[in-house]
Amino acid sequence: MRVVSGIQPTGNLHLGNYLGAIRNWVRMQDDVTAQGGQCLYFLADLHAISQPHVPADLASNTREMVAALVACGIDPDRSILFNQAQVPQHAELQWLLNGTARMGWLNRMTQWKDKAGKNREGASVALFTYPVLQAADVLLYQATHVPVGEDQKQHLELARDIAQKFNNDFGNGAEVFTQPDPIIPAEAARIMSLRDGSAKMSKSDPSDMSRINLTDDADTIMAKVKKAKTDPEPLPSEKAGLDGRPEAANLVGIYAAMAGESQEAVLARFGGEGFGKFKPALGELLVESLAPINARFVELRQDRTALDAILHKGAEKARALAVPTLDRAYAALGLVRG
Ligand code: TYM
């Protein structure tokens with residue numbers, strides 16, 4: 001098994017990232033490396049330049065994100081932890097795959113449509129070709145499994161389509177690239193904003209009240225949960241009673257995912273109660289679960305030399321794994337390299 005996944009270092013790690021993806025990264029690291037497989041986790045800093053950004057912030061966010069991932073349980077001795085910018089094979093393979101990806105496929109990507117909005121003419125070319133770089137990220141390592149939240153499923157389907165077309169067109173009967181499978185958690189695949197149950201929790205939401213950051217202290221977490229948007233009804237005892245109540249469903253989903261319980265079990269306990277009782281219980285659960293991560297993060301983020309050393313070492317290992325596949329892709333395309 002080879003597990004590969006990435007995160008953009010564009011701000012704080014939030015609860016959606018943690019429950020949707022990072023917790024699975026840690027679980028897979030523990031299971032897969034014990035069985036002799038490999039896990040590669042990276043900071044998608046090349047993806048981050050597809051939208052307007054402040055260079056100094058990108059650099060400091062990249063180091064902070066390393067600290068956050070290690071604080072969550074990613075062990076740089078067992079997993080390969082690196083940033084794309086130190087592994088140029090990602091950008092190289094993207095260019096090779098640009099010959100295979102179709103404009104029509106990219107035009108259908110919902111993230112492109114959402115992020116470009118009405119201003120497609122003014123969007124960067126990088127925002128449009130973003131999913132091709134994402135395909136390169138996983139195909140470069142012959143990834144078999146890619147743990148992500150629901151919102152990345154479409155990008156991974158595209159990676160599979162690119163792999164299949166490349167293999168068909170240039171493989172000469174051989175598989176140049178492995179088809180990766182997305183691993184999406186059953187609970188918490190899509191954590192929503194605390195201010196709007198129809199929008200996903202996101203780093204780019206201008207309101208900090210919309211998300212729980214893994215760096216938030218206990219008072220901030222409690223305040224955000226207490227101010228979370230809800231409806232006036234008490235909680236139902238059955239899951240079907242959450243239909244049409246997106247904010248209530250989101251909070252119950254967060255509780256269940258964090259406690260490692262089913263939503264049915266949470267509702268069996270809190271059904272009939274109002275949010276006046278449920279919100280403090282949720283706030284306490286979050287504070288208790290996130291406190292150790294927060295404490296480790298605060299300690300780790302101060303040691304810039306150690307964080308840079310983690311990335312440097314990870315990039316070295318990643319490059320060694322990337323080169324054979326990249327060489328095969330060049331050769332398959334008939335590109336002469338001396
Ligand atoms: P990014 O940085 O937006 O998010 C990182 C991971 O967190 C998940 N996630 C969520 N899960 C549940 N609920 C949410 N509200 C939520 N918000 C984010 C994402 O699904 C993701 O798994 N394009 C990717 C980064 C990337 C990548 C890759 C991922 C680049 N190359 C290759 C996998 C494989 C992104 O922007 O994720």
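Quick caveat: nothing in here was measured; it's all calculated off a predicted structure. Just so you know, ligand 1 is whichever comes first in the structure, and atom 1 is the first atom listed for that ligand.
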Next on the checklist: To the nearest 0.5 Å, what is the distance between CZ on R211 and CG on L194?
Outcome noted: 10.0 Å
Checklist outcome for this item: closest protein heavy atom to atom 11 (N) of ligand 1 is G16 O, 3.2 Å
Item to check | Side chain S193, main chain A199, donor-acceptor under 3.5 Å | outcome: no
Item to check | Selected option - heavy-atom contact closest to atom 33 (C) of ligand 1, from S5, A257, A48 | outcome: S5
Checklist entry - Considering only the protein, which heavy-atom contact is closest to atom 4 (O) of ligand 1, and what is its distance? => result N17 ND2, 3.3 Å
Checklist entry - Quick one: which ligand 1 atoms are inside 4.0 Å of a heavy atom on G20? => result 11 (N), 12 (C)
Checklist entry - Which ligand 1 atoms, with their elements, are less than 4.0 angstrom from a heavy-atom of V146? => result 33 (C), 34 (C)
Checklist entry - Do any nitrogen or oxygen atoms of G149 lie less than 3.5 angstrom from nitrogen or oxygen atoms of ligand 1? => result yes
Checklist entry - Could a heavy atom of K203 be found less than 4.0 Å from some atom of ligand 1? => result yes
Checklist entry - Where is the nearest protein heavy atom to atom 2 (O) of ligand 1: which residue, which atom, and how far? => result Q8 N, 2.9 Å
Checklist entry - Quick one: does NZ or CZ of R337 land under 6.0 Å from the six-membered ring centre of Y330, within 45 degrees of the ring axis? => result yes
Item to check | Y130 and Q51, any side-chain heavy atoms less than 4.5 Å apart | outcome: no
Item to check | Numbered atoms and elements of ligand 1 in range of A21, under 4.0 angstrom, heavy atoms | outcome: 6 (C), 7 (O), 22 (O)
Checklist entry - Do the side chain of K279 and the main chain of K226 share a donor and acceptor less than 3.5 angstrom apart? => result yes
Next on the checklist: Using modelled atom types and a 3.5 Å cut-off, is there a donor and acceptor pairing between side-chain atoms of H90 and backbone atoms of A136?
Outcome noted: no
Next on the checklist: Heavy-atom contact check, 4.0 Å cutoff: does H14 meet ligand 1?
Outcome noted: yes
Checklist entry - Can you tell me which residue and heavy atom of the protein come closest to atom 20 (O) of ligand 1, and the distance to 0.1 Å? => result D151 OD1, 2.4 Å
Checklist entry - Distance from T129 atom OG1 to M103 atom CE, nearest 0.5 Å? => result 10.0 Å
Checklist entry - For ligand 1, which atoms, with element, lie under 4.0 Å from some heavy atom of A44? => result 30 (C)
Item to check | Reported CG-to-CE distance for the pair N17 and M65, which is rounded to 0.5 angstrom | outcome: 6.0 Å
Item to check | Those atoms of ligand 1 less than 4.0 Å from some heavy atom in F42 | outcome: 28 (C), 31 (N), 32 (C)
Checklist outcome for this item: Here the gap from L139 atom CG to Q179 atom CD, rounded to the nearest 0.5 Å, amounts to 8.5 Å
Item to check | Selection from V4, I22, I7 by shortest heavy-atom distance to atom 5 (C) of ligand 1 | outcome: I7
Item to check | Test item: R245 side-chain N/O and L235 main-chain N/O as donor-acceptor pair under 3.5 Å | outcome: no
Checklist entry - Hey, which atoms in ligand 1 end up nearer than 4.0 Å to a heavy atom of A188? => result 12 (C)
Checklist entry - Less than 3.5 Å between some nitrogen or oxygen of H155 and one of ligand 1, yes or no? => result no
Checklist entry - Are I221 and L251 grouped together when hydrophobic residues (ILVMFWY) are joined by side-chain heavy atoms under 4.5 angstrom apart? => result yes
Checklist entry - Considering only the protein, which heavy-atom contact is closest to atom 31 (N) of ligand 1, and what is its distance? => result D137 OD2, 2.6 Å
Item to check | Nearest non-hydrogen protein atom, atom 37 (O) of ligand 1 | outcome: Q152 NE2, 3.9 Å
Checklist entry - In terms of hydrophobic clustering (I, L, V, M, F, W, Y; side-chain heavy atoms under 4.5 Å; direct or indirect links), are F177 and F42 co-clustered? => result yes
Item to check | Sub-4.0 Å atoms of ligand 1 with respect to non-hydrogen atoms of H47 | outcome: 30 (C), 31 (N)
Checklist entry - Is K165 reaching over with its side chain to a backbone N or O of R102, donor-acceptor style, under 3.5 angstrom? => result no
Checklist outcome for this item: Quick look: V138 vs ligand 1, heavy-atom contacts under 4.0 Å, and the answer is side chain
Checklist entry - In the protein, which heavy atom is nearest to atom 15 (N) of ligand 1, and how far is it? => result I191 O, 2.7 Å
Checklist entry - What are the atoms of ligand 1, with element, lying closer than 4.0 Å to any heavy atom of A189? => result 11 (N), 12 (C), 13 (N)
Item to check | Exam field: side chain R23 to backbone P185, donor-acceptor pair closer than 3.5 Å | outcome: no
Checklist entry - Identify the closest protein heavy atom to atom 32 (C) of ligand 1: which residue and atom is it, and at what distance? => result Q134 CG, 3.5 Å
Checklist entry - Nearest non-hydrogen atom to atom 36 (O) of ligand 1 belongs to which of Y41, W25, Y130? => result Y130
